[in-house]
Amino acid sequence: RRRNVSRRHAAQQRRKWVIAVAAVVIIALIGWFVLVDSSSDAAIRTDLEAEFKGFAPPDEVAEGSGVVEYDIVAQETTAELLDGLSTSVWALNGTVPGQPIRVKLGETVRVNFRNELPAETALHWHGVRVPNAMDGVPGVTQDPIAPGGTFTYEFAPPDAGTYWYHSHMNSTEQVERGIHAPLIVEDAISAQYSQDVAWVIDDWPLLENGRLDPNFNDPTDSTHNGRWGNVITINGETDAQLKARPGERIRLRLINAAVARPWALRFPDFPADLIAIDGPYLRSPRSADATILNPGARADIDFVVPDTPGTYEIKEDFSTQLITLGTIVVEGDPVETPSFPVPSNPDVPDWDDATSVGVDLEFKLSLSGNTWQINGEAFPDVEPEEVLPDVFTRVRFTNNSIRLHPMHLHGQFFKIIERNCEPVDEGHWRDSVLLFKDDVIDVGLIATDVGIWAMHCHILEHAAAGMLTLVTVPART
């Protein structure tokens with residue numbers, strides 16, 4: 001009986017020894033696979049970083065130098081948005097949209113700003129990679145500018161393209177009232193067009209008497225897709241027209257200044273090329289038809305004016321109803337069409353392997369009561385996320401809601417690499433991305449500009465209701 005006990009004891013010891021050895025082997029194998037996977041991940045990231053050549057075409061050169069100075073005043077005034085009716089607006093230098101800023105690449109912008117509004121304000125330079133202190137986000141990069149106060153913004157835009165500037169203080173009201181304007185950074189190609197024109201597209205919630213509906217930040221709007229206006233304007237006009245002669249080549253810069261409404265562009269009457277989104281050029285042009293312009297976004301269109309005189313419409317149908325945005329009026333004698341290649345940036349990386357690396361940072365978008373949250377936090381009670389400069393970072397946006405969310409990152413450009421588990425190569429950079437219901441979108445980001453940057457939904461009612469966080473890019477060591 002004692003020998004049987006001894007045998008059982010020996011068998012148990014052998015089993016324990018076998019289990020222990022197996023556990024060690026399994027742990028070693030897991031460690032080996034993790035090491036190999038980590039090594040592979042690091043190697044792919046190195047390759048992705050090597051593909052990155054910046055945001056400009058390889059042959060782009062600065063066209064200007066020196067300082068271009070603007071004196072800009074924010075003030076109350078009136079505008080005739082509907083025939084015969086006066087609307088009280090807030091404006092920059094007395095017009096809506098406000099004072100256009102045009103500079104050549106290489107020039108420095110200096111804006112001497114004075115606030116004559118009855119409220120605090122600040123100006124954000126949307127899409128422009130400015131020094132962090134110039135970004136215009138009250139409480140983050142600067143103090144609010146009090147009524148009667150002044151502030152000087154100064155920066156040298158590093159990227160040619162179409163941008164805009166707008167209030168970043170109580171934006172749902174101040175942008176809606178008219179505190180916004182175009183900012184164009186011209187390159188050598190700009191001068192080769194017959195016309196280089198900026199159209200600021202906006203919508204206004206107007207009452208029958210022409211008065212702006214004062215019900216800003218209504219909870220119903222905030223918890224839905226924001227407030228959409230009933231009057232659409234281009235450059236402050238409801239019947240915007242661009243007059244051109246047959247054969248002219250036009251660069252049309254479209255800027256969506258609406259606080260919440262996207263536009264789906266339609267060109268039913270003539271072919272048009274999309275050449276840039278959010279500033280930088282595409283790798284290669286494509287048809288501009290069906291381009292979605294989310295709030296805050298920009299699109300540059302290249303087209304040749306048709307030979308036949310007449311009226312040609314540019315439309316949009318994001319809400320399925322076909323609406324005319326503006327018209328091209330063709331009249332006069334034909335001209336010789338300027339001949340030059342459609343501008344592009346062949347250095348936009350493919351990043352075909354970007355979906356092979358792990359997700360570094362995820363932003364989960366959700367609604368809790370009347371509060372919009374990112375990762376369960378609502379601004380200003382947020383913990384900033386860190387993104388290291390000059391390294392490839394895979395960022396995921398997960399929309400855990402049924403609403404639209406055009407997510408905009410200040411100070412950086414990024415590129416969509418995956419949408420709902422499907423690899424994507426759009427062939428261009430962005431500073432915002434539109435998420436539909438339940439979307440999961442991954443973007444590739446190489447942070448180039450250090451500082452504390454806002455990242456928020458550009459349906460401005462959503463941002464005001466909490467959907468804003470901060471991304472920190474630390475200084476290089």
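Index from 1, following the sequence. Worth saying up front: this structure is predicted, and the values here are computed from it rather than measured.
- Sorted by first then second residue, the salt bridge (Lys or Arg N to Asp or Glu O under 4.0 Å) pairs that include residues 372-389, not counting sequence neighbours, number zero.
- Judged by distance alone, the side chain of Asn170 and the main-chain N or O of Gln174 form no donor-acceptor pair under 3.5 Å.
- The pair Asp273-Arg286 fails the salt-bridge criterion, with no side-chain N (NZ, NE, NH1 or NH2) lying under 4.0 Å from an Asp/Glu carboxylate O.
- When atom types are taken as modelled, the side chain of Glu176 and the backbone of Ser171 share no donor-acceptor pair closer than 3.5 angstrom.
- With respect to Asp213 and Arg227, a salt bridge is recorded, a charged nitrogen being found less than 4.0 Å from a carboxylate O.
- For Asn420 and Asp439, the side-chain atoms include at least one donor-acceptor pair closer than 3.5 Å.
- Judged by distance alone, the side chain of Tyr153 and the main-chain N or O of Leu123 form a donor-acceptor pair under 3.5 Å.
- Judged as a ring-ring contact (aromatic ring centres under 6.0 Å, His included), the pairs with a partner in residues 432-474 (not counting sequence neighbours) are, in order, His126-His458, His166-His458, His168-His456, Trp372-His462, His405-His462, His408-His456, His408-His458, His410-His456, His456-His458.
- Between Met407 and the choices Leu434, Ile459, Ile441, Ile374, the side chain to side chain contact (heavy atoms under 4.5 Å, CB included) rule is met once, by Ile374.
- A donor-acceptor pair under 3.5 Å is formed between the side chain of Ser194 and the backbone N or O of Arg249.
- Side-chain contact of Ser401 with Asn399: a donor-acceptor pair under 3.5 Å is present, judged by distance alone.
- Defined by atom type and a distance below 3.5 Å, a donor-acceptor pair is present between the side-chain atoms of Arg403 and His224.
- Exactly one residue among Arg45, Arg394, Arg396 makes a salt bridge (charged side-chain N to carboxylate O under 4.0 Å, His left out) with Asp360. That residue is Arg45.
- One N or O on the side chain of Arg298 and one on the backbone of Thr162 form a donor-acceptor pair closer than 3.5 Å.
- Side chain of Glu63 to main chain of Ile189: no donor-acceptor pair is present (N/O by atom type, distance under 3.5 Å, no hydrogens or angles).
- A side-chain N or O of Asp187 and one of Ser190 form a donor-acceptor pair less than 3.5 Å apart.
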